[in-house]
Protein chains: 2
Amino acid sequence: MARDAHATRQRLLEAATAEFAEHGIAGARVDRVAAAAGCNKALIYSYFGNKDDLFEAAFARTIAEFYELVPFDAGDLPAYAGRLFDHYEAHPVTLRLSTWYRLERGNGVLPAVSAVNSVRLERLRQAQVDGAVATHFDPVQLLVLLQAIPAAWATTNPELADASTREFRRRTVVDAVKKLLA
Amino acid sequence: MARDAHATRQRLLEAATAEFAEHGIAGARVDRVAAAAGCNKALIYSYFGNKDDLFEAAFARTIAEFYELVPFDAGDLPAYAGRLFDHYEAHPVTLRLSTWYRLERGNGVLPAVSAVNSVRLERLRQAQVDGAVATHFDPVQLLVLLQAIPAAWATTNPELADASTREFRRRTVVDAVKKLLA
DNA sequence: ACTCTCTAACTAACTGGATAGTTACATAAC
DNA sequence: GTTATGTAACTATCCAGTTAGTTAGAGAGT
């Protein structure tokens with residue numbers, strides 16, 4: 001078989017992302033990760049160090065990708081919420097991984113996330129100063145609600161989501177954010 | 001030592017609730033549950049069958065308690081949301097256990113939760129018919145949002161919650177629901 | 001009140017399998 | 001020929017679950 005360390009590492013990272021998203025850290029199996037990547041598990045230890053660091057790498061990559069795919073827009077928060085919803089429906093791995101992280105890693109502050117939050121808070125503040133965003137809610141309040149509302153359907157008992165169309169679910173999110181800003 | 005099967009079972013259930021809330025199913029250790037309950041782990045298998053059924057029992061008890069402590073009120077949804085928020089802050093175990101459940105048990109529908117949701121949806125429908133609740137949002141949409149918003153602070157990056165007062169966080173939840181119903 | 005029997009309640013030690021991580025080697029490719 | 005890349009087999013430990021007991025205590029009999 002052709003040898004390509006970089007390609008192998010990518011396949012391992014992708015397999016790990018799926019495995020951790022599905023099973024969490026404690027429930028994931030490094031043998032399964034290696035099997036899904038089509039290589040030996042000794043490579044996991046060679047490239048990543050240990051299971052924990054493999055998880056960190058998978059998580060960091062998912063978060064980085066997420067921020068890239070769903071850029072914030074303080075100028076149109078309902079549209080941003082809609083895109084966030086779209087991303088969560090298309091990529092359940094993102095929300096699942098961050099949920100596992102919060103449960104298994106404890107409530108430690110994530111530097112990468114904090115940095116992004118700081119920037120967003122400043123943008124929201126500026127948008128309110130510019131009159132582009134209603135000032136009923138503080139920027140912190142808005143940011144917290146903007147994160148929770150697009151994830152609402154993914155965190156409810158499934159029969160509520162299953163009984164509705166994608167468009168209905170999306171409209172719920174977008175309209176809720178519009179209402180908050182009315 | 002005095003022997004009391006019922007008391008032992010309760011202590012095991014309480015210890016299990018804490019252990020599963022903290023570590024989830026895969027990460028929990030039956031040895032730790034027994035140690036916390038002050039008895040031998042063979043009793044776990046005697047009373048509950050296996051680790052999975054122990055989790056089910058701990059979860060069912062937490063959910064039943066939760067519904068009892070935070071009754072739904074279609075007549076005053078902002079107040080209900082505030083109480084839900086209060087419960088989540090006072091009892092992190094509730095949200096943590098249900099989050100572990102959703103991640104580790106997959107998106108199976110929970111009969112106990114579905115039953116409660118059905119009743120609540122009917123109450124919301126009736127409240128809208130009576131004109132007591134605004135009809136901008138469908139009952140399903142309202143229920144989903146009413147579940148997500150009170151949990152918003154518990155699911156965000158911690159520095160946002162840590163930098164705010166409890167009253168500020170509570171007001172965010174109550175005001176957000178008021179806004180949705182405006 | 002005491003003794004004895006029986007059993008529900010409980011325990012210490014064990015088992016078999018699973019698992020993260022390692023090692024000693026093989027081999028592709030430069 | 002050398003080395004980066006990769007593997008099969010191994011190891012030590014962990015863990016859910018079980019087993020073969022022990023014992024607390026209830027109840028009957030005296």
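Protein chains get the first letters and strands the later ones, always in sequence-line order, with residue 1 at the start of each.
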Any donor-acceptor N or O pair under 3.5 Å, side chains B/Arg120, B/Tyr80: yes
Given C/dT11, D/dT7, D/dA16, the nucleotide with the shortest approach to the side chain of B/Asn40: C/dT11
Short side-chain N/O contact from B/Tyr47 to OP1 or OP2 of C/dC10, under 4.0 Å: yes
Pair A/Arg123 + A/Asp130, salt bridge at N-O below 4.0 Å: no
Any B/Thr8 side-chain N or O less than 4.0 Å from OP1/OP2 of C/dA9: no
Whole-Å distance separating the CG atom of B/Asp52 from the P atom of D/dC15: 17 Å
Whole-Å distance separating the CZ atom of B/Phe55 from the C1' atom of D/dC15: 19 Å
Out of C/dA20, C/dA9, D/dT18, whichever nucleotide has its closest atom nearest the side chain of B/Lys41: D/dT18
Shortest side-chain distance from A/Arg29, nucleotide among C/dT22, C/dA18, C/dT11: C/dA18
Touch class at under 4.0 angstrom, heavy-atom based, for B/Ala28 against every strand present: sugar-phosphate
No-H, no-angle donor-acceptor pair, B/Lys51 side chain to D/dG17 base, under 3.5 Å: no
Gap between atoms CD1 and C1', on B/Ile44 and C/dA9 respectively (whole Å): 15 Å
d(CG, B/Asp31; C1', D/dT18) in whole Å: 13 Å
A/Leu43 side chain, from C-beta outward: closest of D/dT7, D/dA4, C/dC10: D/dT7
Test of ring centre spacing under 6.0 Å for A/Phe55 and A/Phe48: no
Below 4.0 Å: OP1/OP2 of C/dG21 and any side-chain N or O of A/Tyr45: yes
Atom pair distance, as rounded to whole Å: CZ in B/Arg32 and C1' in D/dC15: 11 Å
Presence of A/Arg3 side-chain N/O under 4.0 Å of D/dG6 phosphate oxygens OP1/OP2: no
Contact nearer the 5' end of DNA chain C, comparing A/Ala26 with A/Ala42: A/Ala26
A/Asn50, nearest nucleotide to its side chain (from C/dG21, C/dA20, C/dA13): C/dG21
Interatomic spacing from OG1 in A/Thr155 to CZ in B/Arg102 - rounded to 0.5 Å: 5.5 Å
Plane angle bin for B/Tyr88 and B/Phe66 - parallel if under 30°, tilted between 30 and 60°, otherwise perpendicular: parallel
